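All values reported here derive from a predicted model rather than from experimental measurement. All chains are named by letter (A, B, ...) in the order of the sequence lines, taking the proteins before the strands, and each is independently numbered beginning at 1.
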Amino acid sequence: MKNREIADLFTQMADLMEILGQDSFRVNSYRKAARIVGELARPIEDLAAAGELTTLPGIGKSTAQKIEAYLKTGSLTQLEELKAQAPEGLLDLLRLSGLGPKTAMRLWKEAGITSLQDLQQAFEKQDERLALVHGLGPKKMRQLWESLMFIQSAGSRVRLGDADAVMADLVASVAAANDGGRVVPAGSFRRGRETVGDLDLLAEADAQRAEQVVHAFTAASNVRKVIAAGPTKASVQLAGGLQVDLRVVPADSFGSALAYFTGSKSHNVRLREIALKKGLKLNEYGLFEGERRLAGRDEESIYEVLGLPFIEPELREDAGEIEAARAGALPRLVRLDDIRADFHMHTVASDGACTIDEMIQACRKRGYRCMAICDHSASEVQANGLKADRLLQHVRDIRQAAKACKDITVLAGSEVDILKDGSLDYDDSVLAELDFVVASCHSHLSMAAPEATPRIIRAIEHRYVNCIGHPSARLINARAGMEIDIARIAQAAAANDVALEINAHYMRLDLRDTHVRAAVQAGARIVINSDAHNTEELSVMRFGVTTARRGWATPDDVINTWPVKKIRQFLARKR
DNA sequence: GCCGTTTTCGGCCCGACTGTTTTCAGTCG
């Protein structure tokens, strides 16, 4: 699957074209194409083979031809031509904050600097060529130097779960200075993306109070550096390197500002276009007809005046949500309070930290009516996986503990390894003793799609398998995991009454959002599991729900929301 | 380069902050 690869090529083209000062609308169209291809769940090869590339929004004849040529030849002539016109190292310069295409061009043309390395050397030698670059004063130089040092020490985007803890503290700090005015997260964090590049925070305050709100923000305990601070807007860098932007707006504009700063950028562009067609103007201060404000206090009013139902933040990616809204076809997304079950958690029997009873009590406290305990199977030696005899004893222990709790159905299960060839880690006679089987890959994780997909499908077709755990086995920011053909896997799952897991741990979120959407479209059932190794970790369920929402999943799609009777019927269909 | 309820050409979202200017360009979101 070359989706990511091709998306990166288009991004490179857009960056180079921008540096070369080419038409900005063409640049944007390449950026859009990169986004569309990058977020596609189906392999781009399949669409190309079927001649369906131009059915994608933002992909026209010309872009389709480039994709087809690249798939055929492995290179992209237009990109090579651009690279011949500008040194490739210039692209890296764009990673510096405060340095855009114009400055990159000037560094090259006016000082002969064409890479991060060149720039660093020029700084270190206090090269006089730098003084020749128009628009580069002492402050800008200092900013670029700091940014250069930063990208050398900092990593990539921050995982949603890590950002979540930081965000909670910041909201508390700012809210304490805002006399009850609203303080809420916006940006990709609010949309629930699996990683965030920065954090956005919005506060409601009048002009008088705005100053103290901005001050409370820039003075928050974990702020390392104040990047910018005006009367209504400020940016800081936290100790961990994460950048946070705050905007302060009056109550009348709070809703429009929230919509604006939640994005995504492309969703906003669509909203503005709709506004324009109605002769209106939409910005962060409201929706206006001439000077008259028609909406802005809350998000709902913006959508309403634009003639649309409210669109949930998780859907705002310009991935069909506007069209669905117009057609009245938006899904009723699953919510955390719909969740009444968790089917994947570990105990001290394998590598968990809590006992069966402790996990049961914690699930009861969360209001669940059904749960499954699924410890590791024999092959997971490092995780103290259970050999068959220990598993059978463990099953008896779970059933014994379950008897004491009438208000929750406790299923005895296992997280069984899917071996390299797609077979399972226990014999059928052992699996037959279990109520719930999660089958997961824990080894041979660098498999490409042609091997990985049949491996997983073989497990799906297995008589005793109820669920495929973390299907790609990726770890965000740490391991790419297996390439999987989600369309084929979802089709097999739907046909075999197997649920596909969204592993809710924020390191995994696997299935990822685009996979969930493809799975739901193919009619597969989704199960959201915490994979908790202690009672505390049951709370990661919320990240899984967010991912399910980003995948357009409804309560009906997600078996965790079902009554126990319906869950039992689903499991019984397997055998 | 894409696209169409003003369609095959002519548009394509808009404002805040900074640093360098000498009235504004560049960057960012």
Side-chain angles (χ1 to χ4, degrees), chain A residues 10 13-14 17-19 21-36 53-67 78 93-107 131 133-144 147 186-191 196-202 210 214 218 226-236 243-249 253 256-288 306-307 318 323 326:
Chain A
F10 285 145
M13 284 189 70
M17 288 167 69
E18 212 166 15
I19 289 172
Q22 298 186 7
D23 178 40
S24 62
F25 297 110
R26 290 181 65 194
V27 171
N28 274 338
S29 74
Y30 279 110
R31 292 209 191 285
K32 183 172 184 188
R35 184 176 63 82
I36 297 294
L53 287 172
T54 53
T55 63
L56 296 171
I59 308 286
K61 205 170 148 193
S62 165
T63 309
Q65 278 172 356
K66 291 186 178 73
I67 294 171
Q78 291 83 355
L93 289 176
L94 300 179
R95 290 165 55 204
L96 297 177
S97 109
L99 195 159
K102 298 280 190 290
T103 314
M105 180 67 150
R106 285 197 175 134
L107 282 170
V133 180
H134 188 77
L136 259 196
K139 287 199 173 177
K140 196 81 192 170
M141 297 258 231
R142 168 133 204 97
Q143 181 191 11
L144 293 184
S147 179
S188 51
F189 180 86
R190 181 166 181 244
R191 301 201 311 281
V196 298
D198 63 13
L199 293 179
D200 297 282
L201 202 53
L202 187 68
V214 170
T218 56
V226 178
I227 298 165
T232 62
K233 178 177 170 176
S235 295
V236 300
Q243 181 172 326
V244 191
D245 300 326
L246 170 77
R247 287 292 292 253
V248 186
V249 296
S253 300
S256 43
L258 184 57
Y260 187 87
F261 293 111
T262 295
S264 68
K265 199 171 175 178
S266 38
H267 178 85
N268 286 348
V269 168
R270 296 291 306 277
L271 292 187
R272 277 173 196 281
E273 285 170 3
I274 293 170
L276 273 176
K277 285 200 178 123
K278 291 180 180 289
L280 309 176
K281 186 177 80 164
L282 177 62
N283 59 28
E284 59 262 56
Y285 298 109
L287 182 54
F288 297 92
L306 291 179
D318 187 23
E323 291 74 10
R326 278 187 168 139

- Please measure how far the C1' atom in dC13(B) lies from the corresponding atom in dT22(B), and state the result in whole Å.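 One C1' to the other, the span is 30 Å.
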- From dT20(B), dG15(B), dC2(B), pick the nucleotide closest to the side chain of Ser62(A)? dC2(B)
- C1' atom, dG15(B) versus dG1(B): distance in rounded Å? 26 Å
- Item | Gap in Å between the two P atoms, one belonging to dT21(B) and one to dC17(B), rounded |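 Between the two P atoms, the distance is 22 Å.
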- Task: Determine the contact category for Lys66(A): base if any of its heavy atoms lies under 4.0 Å from a base atom, sugar-phosphate if only primed atoms, P, OP1 or OP2 are that close, otherwise nothing.
- Result: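 Sugar-phosphate, backbone atoms only, no base.
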- dT8(B) and dC2(B), which share atom name C1', separated by this distance in whole Å: 12 Å
- C1' atoms of dC12(B) and dT20(B), separation to the nearest Å: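 Here dC12(B) and dT20(B) have their C1' atoms 30 Å from each other.
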- dC28(B) - base-pair partner by Watson-Crick or wobble geometry, distances under 3.5 Å: dG15(B)
- Item | Nucleotide of dG1(B), dG15(B), dG19(B) approaching Asp23(A) most closely (side-chain heavy atoms) | dG1(B)
- Message: Mind checking if Ala229(A) touches a base, just sugar-phosphate, or nothing, with heavy atoms under 4.0 Å?
- Response: sugar-phosphate
- State which of dC2(B), dC13(B), dA16(B) makes the closest approach to the side chain of Thr63(A).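 Nearest listed nucleotide: dC2(B).
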- Note on the structure: Reading nucleotides 23-29 of chain B from 5' to 3' and marking B where a protein heavy atom lies under 4.0 Å of the base, S where only the sugar-phosphate is that close, and - otherwise, the string is ---SSSB
- Whole-Å C1' distance, dT18(B) and dT23(B): 15 Å
- Query: Taking the side chain as C-beta and beyond, is there a heavy-atom pair between Glu18(A) and Arg31(A) under 4.5 Å?
  - Reply: yes
- Query: Nearest to the side chain of Pro138(A), which nucleotide is it out of dT20(B), dC14(B), dC12(B)?
  - Reply: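 Among the listed nucleotides, the one closest to the side chain of Pro138(A) is dT20(B).
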- Task: For dT27(B) and dG11(B), measure between their P atoms and round to the nearest Å.
- Result: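 The same atom, P, in both gives a distance of 27 Å.
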- Query: For Thr232(A), which contact category applies under a 4.0 Å heavy-atom criterion: base, sugar-phosphate, or nothing?
  - Reply: sugar-phosphate
